[in-house]
Amino acid sequence: MVVAGIFIFAHSMAISSCLCHPLVLPLKDKPIGTWGNVGVDQRLTSAPRSMNAETFGRQITGVGTDLQSEWSFLGGSRVIIRPQVTKFIRHQKGFHIHASWLSGPQLVSTVFTLGTAGVLPFYTLMVFAPKAELTKKSMESSIPYVVLGVLYAYLLYLSWTPDTLRLMFASKYWLPELPGIAKMFSSEITLASAWIHLLAVDLFAASHVFQDGLQNQIETRHSVSLCLLFCPIGILTHVITKALTKSS
């Protein structure tokens, strides 16, 4: 009887030990144990330590799991899964207008190019079709001067600094001096604004030369062409052409 009792006690202890310690398996995509939930057995599998996921423009990086086991006398052994999120990045795929774009070098370069290309059609009409109605109406319009004026005003606003007036009127007599002007035009924005200023003045002078030539029946194509890049020389040639035409 004593031997049978010892055997039964040892057998029950072995069964209890098996029930209290879970089955341990490798953690890569293999089951690590089962547990009961309202009478339904579910199987638990391990997940990779880290993964990347992107959903609806949001990316989560560094997602892992922390597996911990706890044991109690009544509840036995159980596995607790605690997700670990190490980094959360939100990618907004929409278009945003940054304030730096409105005053960056790219904008200055674009304004410079558009201003230069914008005046070329007017010179083309005055040189190749001086007597066309389209040319006459185009040169009577004030739209190009309004556009160039707005571009110039905006670039002037961007280039203006507290030292601008001091550099412009550097002498004691409040007159411009060459070193101060050279320092002021060392900025690309200031150079772009000066270029737009020249384009507007040159186009205005070329328009005046063109209309004066129509009224007095004087050839102006050479003078208008010179006004594009060498405005004072274009005006000078028009004065000489006008004088020679009247004398003949």
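Everything numeric in this text was worked out from a predicted model, so none of it was measured. Numbering starts at 1 and runs along the sequence shown.
- Atom CE of residue Met126 and atom OG of residue Ser138 lie 9.5 Å apart, to the nearest 0.5 angstrom.
- Taking CD1 of Ile143 as the reference point, atom CZ of Phe122 lies at 8.0 Å (rounded to 0.5 Å).
- In this structure, OG1 in Thr220 is found 11.5 Å from NE2 in His208, a value given to the nearest 0.5 Å.
- In the hydrophobic clustering of ILVMFWY residues, with side-chain heavy atoms under 4.5 Å counting as a link, Phe185 and Phe169 come out together.
- Val147 and Leu125 fall into different hydrophobic clusters, where Ile, Leu, Val, Met, Phe, Trp and Tyr side chains are chained together by heavy-atom contacts under 4.5 Å.
- Following chains of ILVMFWY side-chain contacts shorter than 4.5 Å, one cannot reach Val150 starting from Tyr154, and the two form parts of different hydrophobic clusters.
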### Task
For side chain to side chain contact (heavy atoms under 4.5 Å, CB included), just list the numbers for Asp163 and Lys183, CA-CA rounded to whole Å, side-chain angles, deciding distance to a tenth of an Å, and then say yes or no.
CA-CA 10 Å; Asp163 295 332; Lys183 185 176 181 181; over 6 Å; no

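- Grouping the Ile, Leu, Val, Met, Phe, Trp and Tyr side chains by contacts below 4.5 angstrom, directly or via other members, places Leu226 apart from Leu236.
- Heavy atoms only, all atoms of each residue included: Pro130 and Phe210 are closest at O-CZ, 3.1 Å.
- For Glu219 against Thr241, the heavy-atom pair with the smallest separation is O-CG2, 3.7 Å.
- When all heavy atoms of Thr237 and Gly234 are compared, the closest pair comes out as OG1-O, 2.8 Å.
- Considering every non-hydrogen atom in both Ile218 and Lys242, the closest pair reads CD1-CG, 3.3 Å.
- When atom types are taken as modelled, the side chain of Ser225 and the backbone of Arg221 share a donor-acceptor pair closer than 3.5 angstrom.
- The nearest pair of heavy atoms linking Ile189 to Ser159 is CG2-CB, 3.5 Å.
- In this structure the side chain of Leu165 never reaches within 4.5 angstrom of the side chain of Met184, judged on heavy atoms.
- Counting heavy atoms from C-beta outward, Tyr152 and Leu156 have side chains that approach closer than 4.5 Å.
- Once rounded to the nearest 0.5 Å, the distance linking OH of Tyr123 with CE of Met139 reads 7.5 Å.
- One finds the CG atom of Leu191 at 9.0 Å from the CZ atom of Phe112 (value rounded to the nearest 0.5 Å).
- Applying the side chain to side chain donor-acceptor pair (under 3.5 Å) test to pairs two or more places apart or on separate chains, those with a residue in residues 187-199 are Thr116-Trp195.
- Ring-plane geometry between Phe204 and Tyr145 is classed as perpendicular, the angle between the planes exceeding 60 degrees on a 0 to 90 degree scale with a lower cut at 30.
- The shortest distance between side-chain heavy atoms of Ile196 and Leu155 falls below 4.5 Å.
- For the pair Asp202 and Val119, the minimum side-chain heavy-atom distance is 4.5 Å or more.
- Few gaps surround CG on Leu120; more than 12 heavy atoms of other groups in view lie less than 6.0 Å from it.
- Under the 3.5 Å distance criterion, with hydrogens and angles disregarded, a donor-acceptor pair is assigned to the side chains of Thr164 and Thr161.
- Panel note: side chain Thr135, backbone Ala129; a donor-acceptor pair is recorded below 3.5 Å.
- Through ILVMFWY side-chain contacts below 4.5 Å, Val201 is grouped with nothing and stands alone.
- Note: Leu151 CG to Thr110 OG1 = 11.0 Å, rounded to the nearest 0.5 Å.
- Taken together through direct or relayed side-chain contacts under 4.5 Å among Ile, Leu, Val, Met, Phe, Trp and Tyr, Leu107 and Leu148 form part of one hydrophobic cluster.
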